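Just so it is clear: chains get the letters A, B, ... in the order the sequence lines come, proteins before strands, and each one is counted from 1. Everything quoted here is computed from the prediction, not taken from an experiment.
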Amino acid sequence: MPPLLTEIPAPHFNLLLTLESGQTFHWHPHGAGWVGTIGDRPVFIEQRKNSLWISKGADPLVKHYFALDHPLEKIYETFPKDPNMAAALDFCSGITVMQQPVWECLATFITSSMKQVAHIRQMSLAIRKTFGEPIVYPGFELHSYPTPERLAAATEQQLRDCKLGFRAKNLLGTARMIASGEIDLEAIRFMDDEAALAELCKLPGVGEKVANCVLLFAYGRLRAFPIDVWIERVLREMYFKGKRKVTVEKLKRFSSEYFGPYGGYAQQYLFHHARKTYRSTSNS
DNA sequence: CTCCAGGTTCCGG
DNA sequence: CCGGAACATGGA
């Protein structure tokens, strides 16, 4: 076990569920905990009951990254009271919507289109290893996520070698627009949700779904509601069963109202619940 | 082998 | 405006 750990309180938080909920893709199991990077720092983190034991000095980073200040109990009170939401909450209680570095989150979700979580992880780790800076942690080869400038200087073929396929062109194009200053990720912080969404969608490979993931997982816009294949399935089966001609537009309008001010939380819980229970309950 | 995966973009009607 | 197809790759 790593030396020099600090204990910080984390009531209501569930580290295992949060790391497995498809928000981030680069953490490695280590002993009873995990090793990974937050920004350019190596961090060990392990949960014991209502506490986290983390690398000494990493408190501020960990608290922010895992959003330990989110008032989960109050957030749950805002969820709609229906059987589907109740089942998802029961299954996912303790998951936080994380606050990841913006560029890292954006780049990772650009590579996520039409990919399973396991594949996203492979691509993410390959990009880090190929282009990122080595980060020292005994027993692991950690790397930072490469900057937009670093990826902007890469070739499309180098990115394809990281198994990105057609996504390589999108990630490269986005990295170049950000490195050149054409799009300013920091300026987006000060925009309202609608303007921020539109700005992100100017980037190649970024549509509404990816943009909403970035708004939710990196910009802390907890109302953002990404609709992917899983959520679309859940919405149609749970809330529009048997209805004809339910357009995606209809689903968007419904979910933006129905799930309330913490719609992004509701979405994340519905997503994780559906993904983990689909095969075992729907058919076999 | 076939199907599908935390989509986006472009094209024809 | 709309539905459909192309786009790469690898688990299940």
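dA8(C) and dC11(B) have their P atoms separated by 15 Å, given to the nearest Å.
Ring pair Y262(A)/H70(A): centre-to-centre distance not below 6.0 Å. A ring-centre distance under 6.0 Å is found for Y269(A) and Y76(A).
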Stepwise side chain to side chain contact (heavy atoms under 4.5 Å, CB included) test for K209(A) and I227(A): CA-CA 6 Å; K209(A) 190 272 173 183; I227(A) 298 180; 5.8 Å; no
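Counting all heavy atoms, side chain and backbone alike, D40(A) lies closest to I135(A) at O-CD1, 3.4 Å. The nearest pair of heavy atoms linking V43(A) to W27(A) is O-CZ3, 3.6 Å.
Atom SG of residue C92(A) and atom CE of residue M85(A) lie 8.0 Å apart, to the nearest 0.5 angstrom.
At a threshold of 4.0 Å, the pair R233(A)-E237(A) does not count as salt-bridged, since none of the basic side-chain nitrogens sits closer than that to a carboxylate oxygen. A salt bridge is defined here as a Lys NZ or Arg NE, NH1 or NH2 lying under 4.0 Å from an Asp or Glu carboxylate O, and R128(A) with E104(A) meets this definition.
Phosphate contact (OP1/OP2 of dA8(C), side-chain N/O of R160(A), threshold under 4.0 Å): present. Contact annotation: R233(A) side-chain N/O to dA5(B) OP1/OP2 distance is under 4.0 Å.
Rounded to whole angstrom, the span from the CG atom of L203(A) across to the C1' atom of dT8(B) amounts to 13 Å. Note: CD1 (I110(A)) to P (dT8(B)) measures 10 Å, nearest angstrom. Across the protein-nucleic acid pair, K169(A) atom NZ and dA8(C) atom C1' stand 13 Å apart, rounded to whole Å. Atom CZ in F166(A) sits about 5 Å away from atom C1' in dC7(C), given to the nearest Å. Rounded to a whole Å, the CD atom of E232(A) is 11 Å from the P atom of dG3(C). Put simply, CD on Q122(A) is 7 Å from C1' on dG10(C), counting in whole angstrom units. Protein atom NZ of K163(A) is 17 Å distant from nucleotide atom C1' of dC7(C), rounded to whole Å. In this structure, Q116(A) atom CD and dG7(B) atom P are separated by 11 Å, rounded to whole Å.
Residue-level contact check: G207(A) touches the backbone only, with heavy atoms under 4.0 Å from sugar-phosphate atoms and none from bases. Using a 4.0 Å heavy-atom cutoff across all strands shown, S21(A) reaches at least one base atom of the nucleic acid.
At a non-hydrogen distance threshold of 4.0 Å, nothing from residues 217-227 of chain A comes into contact with DNA chain C.
If K115(A) and G205(A) are placed on DNA chain B by their nearest nucleotide, the residue sitting closer to the 5' end is K115(A). Two residues, M114(A) and A118(A), neighbour DNA chain C, and the one matched to the more 5' nucleotide by heavy-atom proximity is M114(A). Comparing C201(A) and V117(A) against DNA chain B, the residue whose closest nucleotide sits nearer the 5' end is V117(A).
In the model, T155(A) has no side-chain atom that pairs as donor or acceptor with a side-chain atom of Q157(A) under 3.5 Å.
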Polar atoms only, N or O, under 3.5 Å: list the protein pairs with nucleotides 10-13 of chain B and their distances.
none

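Counting heavy-atom neighbours within 6.0 Å of K81(A) NZ, excluding the residue itself, gives a total above 12.
A donor N or O paired with an acceptor N or O is not found under 3.5 Å between the base of dT8(B) and the side-chain atoms of K209(A).
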